Amino acid sequence: MLTIKEISDPSHIKIMVDEKRQQVLRVMRKSDQPMTVKQIADELGVKPANVHFHVKKLEEIGILEMVRTEEVHGIIAKYYEPTAMIFKLSCKELDPGTQMQVNLTFASDAEIAFEESKQKFIEISRREKSGGKRISDSELYLTKEEFMELNDMIDKAIDRFRYKQSDEQMLHHVFFTCITDIPE
């Protein structure tokens with residue numbers, strides 16, 4: 001499964017916007033595992049034939065793919081899953097309302113932020129003259145108050161440099177993550 005898949009063909013986006021197909025994708029997102037047409041239909045409370053049509057349309061445009069088959073009571077069950085965790089729309093021909101309707105991902109906000117930053121990092125680091133790389137992965141021992149103080153310091157630094165203030169300033173990409181590992 002890809003992390004991010006860009007959809008730019010207006011006809012593909014229009015297929016995705018269909019409310020029934022959005023329902024199919026939402027059910028699959030909740031499941032977080034490959035599903036059969038019957039399983040999706042059961043979740044939606046509709047007949048499998050109705051869902052089959054929409055799954056086939058999503059498969060035709062590369063949003064879903066069949067990942068395996070199983071024989072169940074003499075019938076071959078086909079399991080489908082999304083082809084990406086995140087579907088990013090990039091079609092200037094659509095109105096903003098349409099783009100908002102298809103804002104569907106199979107990842108959390110944290111996963112999206114991480115993946116977007118990871119892709120920017122990889123793209124920039126592959127350039128020949130991409131100087132100034134600094135990678136630091138540290139584990140720190142902090143009290144709750146110190147942890148909050150560190151977060152505040154990072155927020156203030158980000159706010160200070162968020163907007164260009166002089167011609168000498170160049171665009172830099174930074175990615176900070178502060179999380180607490182709470183033992184189970």
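What you see is a predicted model; the values in this text were computed from it and never measured.
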Novice: Can K57 and E59 be counted as an ion pair, charged N to O under 4.0 angstrom?
Specialist: no
Novice: Counting neighbours of CZ on R160 that are heavy atoms of other residues, nucleotides or ligands and sit closer than 6.0 Å, is the number greater than 12?
Specialist: no
Novice: Under the side chain to side chain donor-acceptor pair (under 3.5 Å) rule, collect the residues that match up with Q165, sequence neighbours excluded.
Specialist: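 Checked Q165 against side chain to side chain donor-acceptor pair (under 3.5 Å); zero matches.
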Novice: Linking Ile, Leu, Val, Met, Phe, Trp and Tyr by side-chain heavy atoms under 4.5 Å, what else ends up with F161?
Specialist: none
Novice: Can you name the side chain to side chain contact (heavy atoms under 4.5 Å, CB included) partners of L44, sequence neighbours left out?
Specialist: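 Listed in chain order: Q23, V24, V27, I40, V46, V51.
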Novice: Look at K38 together with D42 and state whether they make a salt bridge at an N to O cut-off of under 4.0 Å.
Specialist: yes
Novice: Tell me, please, which residues at least two apart from E19 pass side chain to side chain donor-acceptor pair (under 3.5 Å).
Specialist: R26
Novice: Take E81 and L64 through the side chain to side chain contact (heavy atoms under 4.5 Å, CB included) test and state the conclusion after the steps.
Specialist: CA-CA 5 Å; E81 75 175 7; L64 295 180; over 6 Å; no
Novice: Name every donor-acceptor pair, under 3.5 Å, that has one atom in a side chain of residues 71-80 and the other anywhere in the protein, sequence neighbours excluded.
Specialist:
from	atom 1	to	atom 2	distance (Å)
Y80	OH	K56	NZ	3.4

Novice: If you count every heavy atom of other residues, nucleotides or ligands that lies below 6.0 Å from K156 atom NZ, does the total exceed 12?
Specialist: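 Incorrect, the count does not exceed 12.
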Novice: Side-chain donor-acceptor pairs under 3.5 Å in residues 141-150, sequence neighbours left out?
Specialist:
from	atom 1	to	atom 2	distance (Å)
T143	OG1	E145	N	3.4
T143	OG1	E146	N	3.0
T143	OG1	E146	OE1	3.4
E146	OE1	T143	N	2.7

Novice: Are I7 and I61 packed together at the side-chain level, in the sense that at least one heavy-atom pair is separated by less than 4.5 angstrom?
Specialist: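 Contact flag for I7/I61 side chains = no.
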Novice: Are any non-hydrogen side-chain atoms of K30 and E43 less than 4.5 angstrom apart?
Specialist: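 A side-chain contact is absent here, since even the closest heavy-atom pair is not under 4.5 Å.
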